[in-house]
Amino acid sequence: MNVTIVGRDVALTEAMKDHITKVINEIEKYNLGILHSIVTIEKDKRDFFTVEIIMNIPEKGTAVVHYKDKDMYAALDKAKDKLEKLLRRYHDKKNSYRKKDRIEELIVEVEEDEIVDMPLDIEKPISVEEAINEFKNSGLYFMVFRDLNGEKRVIYRRKDGKLGLY
């Protein structure tokens with residue numbers, strides 16, 4: 001990453017430049033492929049330092065952060081905090097969209113279940129007692145049958161463990 005340090009009405013020492021470079025290098029942890037950074041430090045008439053950090057980020061554009069303080073190092077650190085917050089939000093947003101796409105792919109794969117037709121053997125009428133015995137032996141969740149009067153009936157296991165009959 002290219003870093004340009006500009007001082008307006010400020011004599012930049014090597015310690016200041018090293019601190020600025022260290023701050024900018026800490027921001028690279030978000031892996032956003034930052035192309036170029038410009039750090040401008042300006043001192044006004046009332047001895048306030050204004051720090052401006054401009055970063056060019058591919059796919060995002062330009063991120064600009066300003067901070068003003070009596071102390072140059074404090075202003076730089078506060079501007080770095082603001083920039084980190086901005087980049088962290090962008091980084092999280094970018095990564096959450098990728099995860100959302102993966103989740104949609106998984107949902108699409110699950111929806112492709114195959115339905116197999118099973119023959120429904122309710123043509124011969126049986127008594128309720130016979131249906132209960134057959135249901136207990138089958139291990140099914142429910143069973144549809146035709147009773148001796150010719151009506152379709154459903155037997156099922158209720159939540160309390162007892163058998164229900166429609």
Side-chain angles (χ1 to χ4, degrees), residues 1-118 120 135-136 138-144 154-164 166:
M1 170 175 55
N2 237 352
V3 179
T4 304
I5 303 170
V6 178
R8 294 186 185 143
D9 298 327
V10 176
L12 294 174
T13 63
E14 285 300 317
M16 288 178 173
K17 290 179 183 178
D18 290 341
H19 187 70
I20 291 168
T21 306
K22 179 183 157 198
V23 165
I24 297 300
N25 287 336
E26 287 178 14
I27 294 174
E28 288 183 356
K29 67 183 175 187
Y30 294 106
N31 296 326
L32 296 174
I34 298 168
L35 302 172
H36 186 74
S37 298
I38 301 171
V39 179
T40 305
I41 300 174
E42 185 176 353
K43 187 175 181 181
D44 63 6
K45 295 176 186 177
R46 294 177 288 160
D47 291 334
F48 274 90
F49 291 94
T50 303
V51 175
E52 178 184 58
I53 303 174
I54 302 171
M55 291 195 160
N56 294 328
I57 305 168
E59 299 175 9
K60 168 81 173 143
T62 304
V64 181
V65 175
H66 301 276
Y67 202 83
K68 191 175 200 174
D69 200 336
K70 265 291 203 199
D71 183 27
M72 193 274 306
Y73 290 102
L76 182 62
D77 290 339
K78 294 290 186 177
K80 179 196 85 153
D81 291 343
K82 286 174 74 173
L83 185 64
E84 277 188 332
K85 184 177 179 181
L86 186 136
L87 295 178
R88 183 178 59 247
R89 285 181 177 171
Y90 174 66
H91 179 263
D92 293 346
K93 181 179 178 182
K94 183 177 171 184
N95 288 341
S96 69
Y97 283 124
R98 290 180 182 168
K99 289 179 183 174
K100 187 177 180 182
D101 292 340
R102 285 189 211 142
I103 290 171
E104 289 175 0
E105 289 174 7
L106 292 175
I107 291 172
V108 169
E109 290 176 10
V110 171
E111 291 176 357
E112 296 176 4
D113 289 336
E114 184 178 340
I115 298 175
V116 179
D117 285 335
M118 297 292 292
L120 187 58
F135 176 72
K136 287 181 180 178
S138 67
L140 298 172
Y141 296 109
F142 65 93
M143 186 174 97
V144 179
V154 178
I155 190 168
Y156 64 97
R157 185 162 311 276
R158 295 175 15 163
K159 290 182 181 177
D160 61 1
K162 297 179 181 178
L163 297 179
Y166 281 114

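What you see is a predicted model; the values in this text were computed from it and never measured.
- Considering CG of L12 and CD1 of I41, their distance stands at 5.5 Å, rounded to 0.5 Å.
- Separation of atoms OG (S37) and CG (L83) is listed at 8.0 Å; rounding is to 0.5 Å.
- Classification of the Y166-Y156 ring pair by plane angle, with boundaries at 30° and 60°, yields parallel.
- What you find for F135 and R157 is that their closest heavy atoms are CZ-N, 3.9 Å.
- Interatomic distance, L163 CG to K136 NZ, rounded to the nearest 0.5 Å: 6.0 Å.
- Contact record, K68 with F48: CE-CB, 3.8 Å, taken as the closest heavy-atom pair.
- By the 6.0 Å contact criterion, NZ on K70 is enclosed, its count of non-hydrogen atoms from other residues, nucleotides or ligands being greater than 12.
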Assess whether salt bridge (charged side-chain N to carboxylate O under 4.0 Å, His left out) is satisfied between D47 and K43, documenting all intermediate values. CA-CA 6 Å; D47 291 334; K43 187 175 181 181; 3.8 Å; yes
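- Rounded to the nearest 0.5 Å, atoms CZ (F49) and CG (D71) are 7.5 Å apart.
- When each of I38, I53, I5, I34 is paired with I24, the side-chain contact (heavy atoms from CB on, under 4.5 Å) condition holds for I53 and for no other.
- Closest non-hydrogen pair, A63 versus I57, comes out as CB-CD1, 4.2 Å.
- For L76 against V39, the heavy-atom pair with the smallest separation is CD1-CG1, 4.4 Å.
- Taking every heavy atom of both residues into account, K82 and H66 meet most closely at NZ-O, 3.0 Å.
- Taking 4.5 Å as the limit, some side-chain heavy atom of M55 sits within range of a side-chain heavy atom of L87.
- Rounding to the nearest 0.5 angstrom, the gap separating the CD atom in E84 from the CD atom in E26 is 6.5 Å.
- Between V51 and M72, the shortest heavy-atom distance links the atoms CG2-O, 4.3 Å.
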